[in-house]
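Just follow the structure's listing: the first ligand is 1, and inside any ligand the first atom is 1.
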Amino acid sequence: MQRIDGQSLAKKVQAEVAQEVAQLKLEKNIVPGLAVILVGDDAASQAYVKMKAKACEGVGFYSITHSMPESISQDEIIATIEMMNANPRIDGILVQLPLPKHIDTTKILEVIDPKKDVDGFHAYNVGRLVTGLDCFVACTPLGVMKIFEAYNIELKGKDVCVVGASNIVGKPMASLLLNADATVTITHIHTKDLKAHTSRADIVVVGVGVAGLIKEDMIKEGAVVIDIGINRIADGSLVGDVDFENVSPKCSYITPVPGGVGPMTIAMLLSNTLKSAKARI
Ligand code: GUN
C-alpha cells in the first residue's frame, strides 16, 4: 500500500506557481490577483478562506477578501462581483460556498465573468469541461487528476466509481475521468446498492461528507482509493469518508485525511489563478 502525500505534491505545485509568478512580474509586470467573497460567519468557510489568502501571499499573488454579513442582500453580492469583473488587477473571483439560504447560489455563480471563474463553477466552464474543451476546472477534482498524474496511476479503460454527485466534486470529477478514457460510474444518495458499485471498481473516488462511509468489504484488493471527505468527529479530529485504518491495507494507493486531497485543492486554485493571469498577455 502506498500512502499518497498530497501535502508534498501541493508544495511542489505551489513552488512552481511561485516561480512563474516571479517571472511574470519581472518580464511582464503582471501580478496575478485573486478576490474571495465570504458571506456569513461559518467557521469552516472562514478557515478555508484564511488558508486560501495565506497561500496567495505565499506565491506572490495580490489577494483581497470581501467579508460580508449573513444578512447581505443578493443584489449587494452581485454588485461586488460586477466590480471585481471590471477590476483589471483581479484575475480570479471565488465565492466561498455554501451561501446563506436566502441567496440563489446559481444566480451568483452566473454573474462571475467565466474568464475569472477560477473555481470552475460557472455553467460556461462546466459545459466546456463536459465537451472536453479548455476551461477552468473545479479545484478539488483537478487536484485529484494531478495526483493520478504524479503517481502514474493509469485511467484509460479503468473502472472508476465516483461516490457523490455534487456540482463541486462528483460531477466535474466524473467528467474529467471520462475525458481521460475511464469507464465511470457515479453513485449518490439514491443509489440502491453502493457496495455493488465500489467493490468492483479499480479506482474509487469518494466525496460525500459521511465519516467512515467506505468500509473494508466495499473495496477490492489492490484498488486505488481517493478520499475527498473532510469530517470533524466527536473527539475534534478530522477524518475522511473512508475507514482508513481498515481499508488502507487492501489498497495499492490511498489518500489520507488530512494531508491527501485537501492541500491539492488550494494548490489548484493558485494554478487556475495563474492560468487566468497569463491570459492577460
Ligand atoms: N466550498 C467547499 N469547497 C469549495 C470550493 O472548492 N470552492 C468554493 N468557492 N467553495 C467551496
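Seen from the ring of Tyr62, Arg89 counts as a face-on cation partner, given the 6.0 Å and 45° thresholds.
Here the closest non-hydrogen pair linking Ile168 and Ala138 is O-CB, 3.7 Å.
For ligand 1, the protein residues placed under 4.0 Å by at least one non-hydrogen atom are Lys52, Leu94, Val95, Gln96, Leu97, Asp119, Phe121.
Contact annotation: the side chain of Asp159 never approaches that of Ile203 to less than 4.5 Å [non-hydrogen atoms, C-beta and beyond].
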Show your working on side-chain hydrogen bond (donor to acceptor under 3.5 Å, both in side chains) between Asp75 and Ser73 and close with a plain yes or no.
CA-CA 5 Å; Asp75 286 346; Ser73 73; 5.5 Å; no
Stepwise, does the side-chain contact (heavy atoms from CB on, under 4.5 Å) test hold for Leu99 with Ile108?
CA-CA 9 Å; Leu99 290 168; Ile108 292 293; 4.1 Å; yes
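Two different hydrophobic clusters hold Ile147 and Ile254 under the rule that ILVMFWY side chains link at heavy-atom gaps under 4.5 Å.
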